[in-house]
Amino acid sequence: MNFYDQVYAVVRCIPSGKVTSYGRIARMLGRPRAARAVGYALNALKDHHQDPNFEPVPWHRVINAAGRISTVNRELTANRQADLLRDEGVSVNEDLTLHLERYLWAGLSLMEIENILREIRD
DNA sequence: ACAGTGACAACAT
DNA sequence: TATGTTGCCACTG
């Protein structure tokens, strides 16, 4: 069972106008210390850009635990991420921070997670 | 098999 | 408050 695909499945559940953090996604998947790997999974999305069968992932709705858009190694795309969020009604400050509690996604219940993971493995 | 690599996060100064 | 340090772990060559 591929951790990346699990991450993508969860991120696809984040509704427009909401955000969550790398660490929260890791915890939802039962890997509380895999936050870093979540970021790595999102970075790997560029490998799918050509694949027409790949369901899009709203990667821009994932930010860090401090309520800030990550800029590590992606100074260029961080600003694009901010614009994508603004298009969804999220108020992103000039310094790429936002009011996390205000836009935080409630997340998935244990049962919902199980259903999602069940659909992935085949 | 194994060492290197991060879109993290919690701590320590 | 703001940096720096350290533990982390899935994935890759």
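A, B, ... follow the sequence lines: proteins, then strands. Residue 1 opens every chain.
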Atom-pair distance (CD on Gln6(A); P on dC11(C)), nearest Å: 9 Å
Under-4.0 Å side-chain N/O to phosphate OP1/OP2 contact, Asn43(A) with dG6(B): no
Over all atoms of both residues, closest heavy-atom pair of Tyr4(A) and Ala41(A): CD1-CB, 3.6 Å
Closest to the Val72(A) side chain, choosing from dG6(B), dC8(B), dA9(B): dC8(B)
Nearest-0.5 Å distance that lies between atom CG in Asn2(A) and atom OH in Tyr8(A): 8.0 Å
Between CG on residue Leu108(A) and CD1 on residue Ile14(A), distance to nearest 0.5 Å: 9.0 Å
Spacing of Leu76(A) atom CG relative to dA7(B) atom P, expressed in whole Å: 13 Å
Rounded distance in Å - CZ (Arg74(A)) to C1' (dC8(B)): 12 Å
Rounded distance (Å) that lies between atom C1' of dT3(C) and atom CZ of Arg68(A): 13 Å
Residues Gln81(A), Arg74(A); criterion side-chain hydrogen bond (donor to acceptor under 3.5 Å, both in side chains); working and verdict: CA-CA 10 Å; Gln81(A) 179 172 1; Arg74(A) 52 197 293 275; 2.8 Å; yes
Whole-Å distance separating the CD1 atom of Ile63(A) from the C1' atom of dA9(B): 14 Å
Arg86(A) to Tyr103(A), cation-pi by 6.0 Å centre distance and 45° axis angle: no
Nucleotide dC11(C), atom P - distance to CZ of Phe3(A) in whole Å: 7 Å
For atom CH2 of Trp59(A) and atom P of dC8(B), their distance in whole Å: 14 Å
Non-hydrogen atoms of Gly17(A) and Glu88(A) that approach each other most closely: N-OE1, 3.1 Å
Side-chain donor/acceptor of Arg36(A) to base of dC9(C), under 3.5 Å: no
Charged N-O contact under 4.0 Å between Asp83(A) and Arg80(A): no
Separation of atom CG in Leu96(A) from atom P in dA7(B), rounded to whole Å: 16 Å
Interface residues of residues 21-35 of chain A with DNA chain C (non-hydrogen, below 4.0 angstrom): Arg31(A), Arg33(A)
Phosphate OP1/OP2 of dC11(C) contacted by Asn2(A) side-chain N/O (<4.0 Å): yes
